[in-house]
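Worksheet: the structure to be examined is printed underneath.
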Amino acid sequence: MLKGYYYINQIILHVCIGVGVYLFKPVSKILFLIVLGICAFSIVKAPSQKRYVYVLSSCSYIVGSEVFFRMTNGNFLHEASKYLVIIFLLIGMLIGDGVNKKSYAYIIYLTFLIPGIIVASSSLNYDTNLRTAITFNLSGPLCLGIAALYCYGKKISIKSLQKILMYALLPIISTTTYLFLYSPTIKDTLSGTQSNFEASGGYGPNQVSTILGLGVFLLAGRLFLQSKVLFIKVLNIGILAFMAYRAIVTFSRGGVLVACFIVLAFIITFYFKTSWRIRRKIFGSTFILFIGVALTWAISSASTDGLIDKRYNNEDALGRTKEDITTGRAGLLTNELNAFFENPFLGVGVGKLKELRLEKEGIRAASHNEMSRIIAEHGIFGLAAFLILLITPLFFRVRNKKNIYFYSFYLFWFLTINHSSMRIAAPAFIYGLCLLNIHYDKPPVHRKQIIKKREE
């Protein structure tokens, strides 16, 4: 019951944070510094045998709050969240239990990123800031590599993992609160079926949709695994509906569709991992979730005058089918693959793709697909690096099948990097969580002591 109160109190606190930042935006920078201080202090002062939980919890909170701090100008550097995740994980390695000896694949992966940096030093234009280009394009892949090294094979209880995931969820609740205050009436922000910046807090709809989709998944997980009390179940489904609504009305489909896939993957995994008695409860929770999502979609459709239905049907505001369902992503993918075929060995160099696009097409557009980007910029080394990322978790899964979140985490990473690249730290960190070795606490066995009386 105390744990339930803690969760409720944290929700209330983070709703208040969302309101406070909306009323006075400079609070966001103060909050960022407070979060940084609390996380750093908790990691350093944590007991050594439990430090990994504090490290991952701190990283999780930073990941969950990244979009919130970006849209409210709270972070002092655009890539601050990725840097902090990297720093916290490195601190955990240095003063904790290091890394697993079997994680050498990710050391190779990080090594394969180096040639692209060397090529960039000679291929980038003179007016391009080399340091900025490299850090912007490699902060995500580097964050992923460090997260994978730290998490690989680390033994952790399911309760600790759920605690870590809760810390990612809480700042997403603040984000949702802020969005409702920023644009309470969606109809006033509509101008067609394109991605809606006003409904996304004035920030990138793709990133907002992605982080809200992650929040929907985390709430779904709590609904199935941790909502044993009716009030908590109703609370979680209510927050999930609000969060899903705000994700839908960004008009950015990527985060919403990814959320649907990973929630479905979680339900299927959970179903086959449990007994028949538990499966009946799964059906009940799934039905409640389905009803909640259906109502949320109906409200979203009504509040957008049906434009959201046209968006997902790949139609414009007049109901005409759009030629490109990928909204330009297919063209970017084609260009990046062509760049790889023209420079298959070493690639074009880190950050060079944006320059090539500007020279050939006159537009400065960043990649949406991390898979094609790493291959184009790093050549054969990038292809090998991506194959390591793709295959290693699957081999790890063969030996460690207890992580009920594995397929959802893995799909979140893979699907997200194919529609949003690695603009935010979430796919990198969640990928690392795939590699945790989960164990479940066994219920204590109470045995009656048998006292034998000896006859004198």
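None of these values were measured; they are calculated from a predicted model.
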Review point. Who pairs with Pro47 by side-chain contact (heavy atoms from CB on, under 4.5 Å), at least two apart in sequence or on another chain?
Key: Gln49, Lys50, Tyr54
Review point. For residues Ser183 and Arg246, is any side-chain donor paired with an opposing acceptor at under 3.5 Å?
Key: yes
Check your understanding: Can you name the side-chain contact (heavy atoms from CB on, under 4.5 Å) partners of Ala241, sequence neighbours left out?
Key -> Thr296
Review point. Are Ser372 and Glu336 linked by a side-chain donor-acceptor pair shorter than 3.5 Å?
Key: yes
Review point. In this structure, are over 12 heavy atoms from other groups packed under 6.0 Å from Tyr104 atom OH?
Key: no
**Study point:** CG on Leu144 to CG on Leu389, rounded to 0.5 Å
**Key:** 5.5 Å
**Study point:** Salt-bridge present (Arg423, Glu370; N to O < 4.0 Å)
**Key:** no
Show me the donor-acceptor pairs within less than 3.5 Å that the side chains of residues 16-25 make with the rest of the protein, sequence neighbours left out.
from	atom 1	to	atom 2	distance (Å)
Tyr22	OH	Leu181	O	3.4

Point to revise | Counterpart residues, ring-ring contact (aromatic ring centres under 6.0 Å, His included), relative to Phe409 (two or more places apart) | key: Tyr405
Show the atom names and distances, to 0.1 Å, of all donor-acceptor pairs under 3.5 Å that link a side chain in residues 164-175 to residues at least two apart or in another chain.
from	atom 1	to	atom 2	distance (Å)
Tyr167	OH	Tyr6	OH	2.9
Ser174	OG	His14	O	2.7
Thr175	OG1	Pro171	O	3.0

Practice item. List in chain and number order the residues that pass ring-ring contact (aromatic ring centres under 6.0 Å, His included) with Phe251, two or more places apart in sequence or in another chain; answer none if no residue qualifies. Key: none
Check your understanding: Who pairs with Tyr152 by ring-ring contact (aromatic ring centres under 6.0 Å, His included), at least two apart in sequence or on another chain?
Key -> Phe396
Study note, to complete from the structure: By salt bridge (Lys or Arg N to Asp or Glu O under 4.0 Å), Asp305 pairs with (sequence neighbours left out) Lys187
**Study point:** Non-neighbouring partners of Lys154 that pass salt bridge (Lys or Arg N to Asp or Glu O under 4.0 Å), sequence neighbours left out
**Key:** Asp97
Exercise for review: For Phe272, enumerate each residue passing the side-chain contact (heavy atoms from CB on, under 4.5 Å) test, keeping only those at least two apart in sequence or located in another chain.
Suggested key: Ile268, Arg279
Only distances under 3.5 Å count here; give the side-chain donor-acceptor pairs of residues 222-232 to other protein atoms, sequence neighbours excluded, each with its distance to 0.1 Å.
from	atom 1	to	atom 2	distance (Å)
Arg222	NE	Tyr7	OH	3.4
Ser227	OG	Arg222	O	2.8
Ser227	OG	Asn236	ND2	2.8

Practice item. Under the ring-ring contact (aromatic ring centres under 6.0 Å, His included) rule, collect the residues that match up with Tyr52, sequence neighbours excluded. Key: none
